[in-house]
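In the text below, chain A, chain B and the rest are named by the order of the sequence lines, each starting its count at 1.
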2 protein chains.
Amino acid sequence: METREKILRAAAEMLAEDMAAKLSVRAVAARAGVSTGSLRFHFPTQRALQDSLLARIYAHLLPGDPIRDRTLPPRERLLNCLRQVLAPLGTNEDARTAWGTMYRTFIEPEPTEAVRTAYLGHEREAERRVEHWLTVLEEEGALPPGDHTRNVRFLLTVLNGLSVERALPTGGSVLVAETETLNAAVDHVLSTRPAPPAGPARP
Amino acid sequence: METREKILRAAAEMLAEDMAAKLSVRAVAARAGVSTGSLRFHFPTQRALQDSLLARIYAHLLPGDPIRDRTLPPRERLLNCLRQVLAPLGTNEDARTAWGTMYRTFIEPEPTEAVRTAYLGHEREAERRVEHWLTVLEEEGALPPGDHTRNVRFLLTVLNGLSVERALPTGGSVLVAETETLNAAVDHVLSTRPAPPAGPARP
DNA sequence: ACCTGAACACCGTTCAAGT
DNA sequence: ACCTGAACACCGTTCAAGT
């Protein structure tokens, strides 16, 4: 087996055993049975390793890419992408247990460096996905060119809010409220021009 | 000046010069002109230092009753109101324990009728608050008259998202990301006319 | 082209020792 | 009670040297 693959598998194993595993150069290299230098040869930076790993995991977890479906208008496509993030959460019971593991893994324990970097890995992967969608829409001209990080953060926060609301007790229909809020968020993103290179706040 | 104060100021300066400054033990200690041991004496952990710093910044940032303060433009007032919701959550440690009780109270247990109504009470109270703000802005003409429930739900979802993000491990500065997202949300609300009586989506 | 492992410059935290 | 600075156990990255 190629070294690169050995490294990725070793890292994946460690992550499977503990969602918040440390994944340091030396730990992964030792587990894979290679040297730190070799690991660095294949993954020039620690972040590169984590990104490759999470990208692989997420790819295996949810295929399909509604953003490229040109038969639908941009708004509907972005909406579908966002829905695809929420879908695996389920509703009620499912969402509650999903949030249970989320809570126990990343909120309840002391935010040690291990926990922190594990979470930040997931966060970066999520950012990359949303960024991808916005980039596609930008290429089509549905979104003005520029820096999207502001909009990415905004959408991720909305998704976070909606996902906890799925786990919380609910009054009426979650789904209509969710759709309305998603619509509002997408509206906002599709009607703002991206931020200029610098500046503290306010588009 | 007391050492503790010197340390906090040194850290504040460094953060002022560069929002993404490193704030390592040695860097801050050197800047403050104290030893690393002394810094550890006043702030038992690096996180303790960051928490004290952020607490001070937020405290300095938040005055009282913001929505009626006609000296500020509507946007800033609504922004301050939203911040005032997030403020008592605290950051890091505080936010984590706050979310702990939230989780154990409303998510973990079976959503019995008792749990449900208890939560819905809180939710309605939050809705009433936000509704109040939007009504004030409507009376001033900053917001077109009509039904605000859509916008209320939207803002509450954003607040939910931001509040979990406070409890989750954090990468860079919570402050700037939070401010930008709040700005985006307020922008959206202040630039939409309220929805007509019925219809599935899209203003 | 791939791999090794020592070396470098950093971390945060601990702790005996001073005042 | 406060402060010092060395020491410890870790990082991620670099790089001359090997195959």
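Rounded to whole Å, the distance from CD on Glu110(A) to P on dG12(C) is 17 Å. In this entry the distance linking CZ of Phe41(B) with P of dA16(C) reads 16 Å, nearest Å. In this structure, Leu120(A) atom CG and dG12(D) atom P are separated by 14 Å, rounded to whole Å. For the pair Arg4(B) CZ and dA1(D) P, the computed distance is 17 Å after rounding to whole Å. Atom-to-atom, CD of Glu2(B) to P of dC3(D) comes out at 10 Å; the value is rounded to the nearest Å. Remark: P of dG12(C) and CZ of Arg116(A) are 11 Å apart, rounded to the nearest angstrom. Between the P atom of dC11(D) and the NZ atom of Lys22(B) lies a distance of 15 Å, rounded to the nearest Å.
Along DNA chain C, the nucleotide closest to Val34(A) and the one closest to Leu23(B) are compared, and the more 5′ of them pairs with Val34(A).
Residues Asp65(A) and His132(A) form a side-chain contact, since some pair of their non-hydrogen atoms from C-beta on lies under 4.5 Å apart. A heavy-atom distance below 4.5 Å is found between the side chains of Lys6(B) and Val34(B). Annotation: side chain of Ile107(B) is not in contact with side chain of Met102(B) (no heavy-atom distance under 4.5 Å). Contact of the Pro144(B) side chain with the Glu138(B) side chain is not registered, since no non-hydrogen atoms from C-beta on lie closer than 4.5 Å. Contact check for Glu140(A) versus Arg70(A): side-chain heavy atoms found under the 4.5 Å cut-off.
Which of dC11(D), dC2(C), dC2(D) sits closest to the side chain of His42(B) comes down to dC2(D).
Using cut-offs of 30° and 60° on the angle between ring planes, the pair Tyr103(B) and Tyr103(A) is parallel. Using the six-membered ring where Trp is involved, His188(A) and His188(B) have ring planes that are perpendicular, over 60° apart on the 30 and 60° scheme.
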* Asked: Based on Watson-Crick and G-U pairs with both distances under 3.5 Å, what dot-bracket line describes DNA chain D 5' to 3', crossing pairs as [ ] and inter-strand pairs as |?
  -> ||.|||||...|||||.||
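Between Ser35(B) and dG5(D) there is no side-chain N or O to OP1 or OP2 distance below 4.0 Å.
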Review item, nucleotides 13-15 of chain C N/O atoms under 3.5 Å of protein N/O:
residue: dT13(C); atom: OP1; partner: Thr45(B); partner atom: OG1; Å: 2.6
residue: dT13(C); atom: OP2; partner: Arg40(B); partner atom: NE; Å: 3.2
residue: dT13(C); atom: OP2; partner: Arg40(B); partner atom: NH2; Å: 2.4
residue: dT13(C); atom: OP2; partner: Gln46(B); partner atom: N; Å: 2.9

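Using a 4.0 Å heavy-atom cutoff across all strands shown, Ser38(B) reaches at least one base atom of the nucleic acid.
Glu165(A) and Thr157(B) share a donor-acceptor pair across their side chains, judged by distance under 3.5 Å alone.
Other residues, nucleotides and ligands contribute over 12 non-hydrogen atoms within 6.0 Å of the CZ atom of Arg47(B).
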